[in-house]
2 protein chains.
Amino acid sequence: MHAVPSFPSRRSAPARSGGLSRASIVDVAARAGVSVATVSRALRDMPNVSPATRDRVLAAAEELDYTVSPLASGLVTGRINAIGVVLPYAGRWFFAEALRGIEEVLRGQGYDLILHVLADDDRRAQFFQTLPLRRRVDGVIIVALPLDSREIGALRSLGVPLTGVAEPLTGVHGERVDNVGAARLAVQHLINLGHRRIGCIGGDLNGPERFSVPGWRTQGYREALTLAGIEPRSGWERDGRFTADGGELAMTALLSQPGGAPTAVFCQSDEMAFGALRALRHSGLRCPDDVSIVGLDDHELAHTFDLTTVAQPVAAQGAAAARWLLHQLAGASTEGPEPVGADVNFHEVRLVLRRTTGRPPA
Amino acid sequence: MHAVPSFPSRRSAPARSGGLSRASIVDVAARAGVSVATVSRALRDMPNVSPATRDRVLAAAEELDYTVSPLASGLVTGRINAIGVVLPYAGRWFFAEALRGIEEVLRGQGYDLILHVLADDDRRAQFFQTLPLRRRVDGVIIVALPLDSREIGALRSLGVPLTGVAEPLTGVHGERVDNVGAARLAVQHLINLGHRRIGCIGGDLNGPERFSVPGWRTQGYREALTLAGIEPRSGWERDGRFTADGGELAMTALLSQPGGAPTAVFCQSDEMAFGALRALRHSGLRCPDDVSIVGLDDHELAHTFDLTTVAQPVAAQGAAAARWLLHQLAGASTEGPEPVGADVNFHEVRLVLRRTTGRPPA
DNA sequence: GTTCGCCCTGCAAGCGCTTGTCAGCACCCC
DNA sequence: GGGGTGCTGACAAGCGCTTGCAGGGCGAAC
């Protein structure tokens, strides 16, 4: 009848500091005077329970402060109501922002968000070897992490739907922006202002992470230049490692470029643009009077530092990925097992004019 | 014998897209030619299994690509190997950074991190009403969230250890910095430079969130002033809402203060300092020539914007909280149920000199 | 008045794992 | 050589829940 006598044999039972909220479904059943099966049905609003019974059960559950154990119900239903989110970094704006969008959607649908940060190679290797997400999640969202086919295969072996944000994953649904177009938009803006000497600070195209984003953005940069009849100069493309410090270094290098410095620079991320701004300041150069800077992201502090940039909706990309996943999950139970496929959803970008771009110096 | 025949009655079984990694412990037992009990013991390195048997079991598990179901094992052990993390915001630097520290420690010990963001009042109320963490975590970390006693009580009713980061929680272990001392350190620095007219941009002491941090930092500000024989002026204490935009507004107000503007301002967070810097720039004032600014945090971009600030170790506070929790969990199984108690661990802060502070104008 | 059918509810199996208890067995010492 | 001693491993009872199946009760239709 009572909860405690129901497991008298547990000696080294887990710490139950409070000893509270330990009512089980049998307690509720007893209190409501029905069977556990009926309690289970009543609690989940299943059709074959009379209103009167349902009320009694609900009241009993309320009085006992009862909640269904997700473990027990997950064990039998096979669903665990959690989504895994995998990121390469935490603490950086982009990832925190994407996470925010994901969390909001998941929470709204009662799903838990289980976070995995693959901060370094060790963590990453270990993650794909041990697959700690296995049997723990109903779906996985990969944020800005390029995966090789072996890694994608490992994730697939989890047998749950997958989706990617920002970085394309072969054969996997994705939410991202048109990076080529976004870069072109930024560079086109500089060209429109009259600039012809335009540099670019991006990421290492051949780095160990194999991010594809810098490749596209560089492509967009070159396309915009070519379209305007400007010959791209390889010396004006610099690696800023997508960090502020990297951006600063790259900008400094650009400024001491033999043959003259550019009058405007497209930074493939706002954080690199912030670094570039610092380099300018420390060189005694003014922005935009001497050099114009345009970023890409619309970082939360871009406005604060008056950075002109191409805004991308980061939280929205995360949210869309989460929604897609939930949709798959909902569909899986009713329809056939094979989901939509590896389509991509592109999100809009837009130019945000602020004060770091202007006409080139005379 | 085989897994599939063992649940022939499941019609609407959960979507098993891959059909992979579905071996259960009985399959492993069969393959190794032992009982499931032995498999369970062998897999967890329990003492009463002979090396030969253990090897056979391990090999079988390996061949079958078997992993223990956390659901099933959690159901019987009562431990679920997950920690809940509750934050008021995601996407902001402080929280992302704290999360990073927490995640690292948790992951290292094989714990899952389940994230909850209480972005608005609705979410918050709902969180404490439904307590979605219930039965889902072995412990909870509250990051920078002031809780009233009712809310703390609700959390306690989970029956798992609790700890707080940054904000003090009555009766709960905490990891934080000495906010009074940190503020004093910042203001003392301004005083040492010769400033006597020092403003302060902080948070609303009576806001709905009831953060206690701004209260302490304001206290530290006043103490430092008083110690130097300077009378605090209430008109020079402004609310910057702990955002860059708020900081900008507050700084603008400070600059048009009747009776003259301060020559230096202590901003209780770096993000507000960034806003203050913007206000200065837009007013045509130079920093530090006209006005000095000191922040508090050492935000990842503080260096990029040459902000002098008092650094606090954010990730380390999160990591320490996670470690404390894990320690409680480890202790709980061996020792008595009552943990250490509501002690507080203070982390060191330090002044980081950069370029936004200097001697007052002549 | 009987029969049929429907609605509600209970029974019990089982999800995949842990663990107390106990049987079996080899080995050792006296 | 017999009884102990110590291990190893099997058995089975759950953990808390969901769900197929069956049964009971009652109104409607014949």
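Below, chains carry the letters A, B, ... as their sequence lines are ordered, and counting in each starts from 1.
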Can you give me every donor-acceptor pair (side chain of residues 137-148 of chain B, partner residue at least two apart or in another chain, under 3.5 Å) with its distance?
residue, atom, partner, partner atom, Å
D138(B), OD1, I80(B), N, 3.1
D138(B), OD2, I80(B), N, 3.2
D138(B), OD2, N81(B), N, 2.5
D138(B), OD2, A82(B), N, 3.4
D148(B), OD1, R150(B), N, 3.0
D148(B), OD1, E151(B), N, 2.7

With [X], which residues qualify under salt bridge (charged side-chain N to carboxylate O under 4.0 Å, His left out), at least two apart?
X: R44(B); result: none
X: E103(A); result: R107(A), R123(B)
X: D45(A); result: R54(A)
X: R136(B); result: D112(A)

Counting heavy atoms from C-beta on, name the nucleotide in dT18(C), dG16(C), dC15(C) closest to the side chain of T77(B). dT18(C)
Counting the atoms with a prime plus P, OP1 and OP2 as sugar-phosphate, which does V39(A) contact under 4.0 Å by heavy atoms, base, sugar-phosphate, or nothing? nothing
Quick one: label S40(B) by what it contacts on the DNA or RNA (base, sugar-phosphate, nothing), any heavy atom closer than 4.0 Å. base
Specify the separation, in whole Å, of atom [atom1] of [X] and atom [atom2] of [N].
X: I80(A); N: dC17(D); atom1: CD1; atom2: P; value: 15 Å
X: L75(A); N: dC17(D); atom1: CG; atom2: P; value: 12 Å
X: L43(A); N: dT18(D); atom1: CG; atom2: P; value: 8 Å
X: I25(A); N: dG16(D); atom1: CD1; atom2: C1'; value: 8 Å
X: R135(B); N: dC17(D); atom1: CZ; atom2: C1'; value: 10 Å
X: M46(B); N: dG20(C); atom1: CE; atom2: C1'; value: 12 Å
X: N81(B); N: dG16(C); atom1: CG; atom2: P; value: 20 Å
X: Y66(B); N: dG16(C); atom1: OH; atom2: P; value: 10 Å

Rounding to 10 degrees, work out the angle separating the end axes of the helix from dG1(C)-dC30(D) to dC30(C)-dG1(D) (five pairs an end). 50°
Between the protein and nucleotides 6-12 of chain D, which nitrogen or oxygen pairs come in under 3.5 angstrom?
residue, atom, partner, partner atom, Å
dG9(D), OP1, S50(B), OG, 3.3
dG9(D), OP1, T53(B), OG1, 2.2
dG9(D), OP2, S50(B), N, 3.0
dG9(D), OP2, S50(B), OG, 3.4
dG9(D), OP2, T53(B), OG1, 3.1
dA10(D), OP2, S35(B), N, 2.6
dA10(D), OP2, S35(B), OG, 2.7
dA10(D), OP2, T38(B), OG1, 2.8
dA10(D), N6, R41(B), NH1, 3.3
dA10(D), N6, R41(B), NH2, 3.4

Using the side chain to side chain contact (heavy atoms under 4.5 Å, CB included) criterion, which residues pair with R31(A)? Sequence neighbours excluded. A60(A), E63(A), L64(A)
Establish, with yes or no, whether the OP1 or OP2 oxygen of dT19(C) is under 4.0 angstrom from a side-chain nitrogen or oxygen of R44(B). yes
Test side chain to side chain contact (heavy atoms under 4.5 Å, CB included) applied to V85(A) and V165(A), I114(A), L99(A), the passing residue: L99(A)
Tell me the closest heavy-atom pair linking A154(B) and L131(B), and the distance in Å. O-CD2, 3.4 Å
Counterpart residues, ring pair (Phe, Tyr, Trp, His ring centres under 6.0 Å), relative to Y111(B) (two or more places apart): none
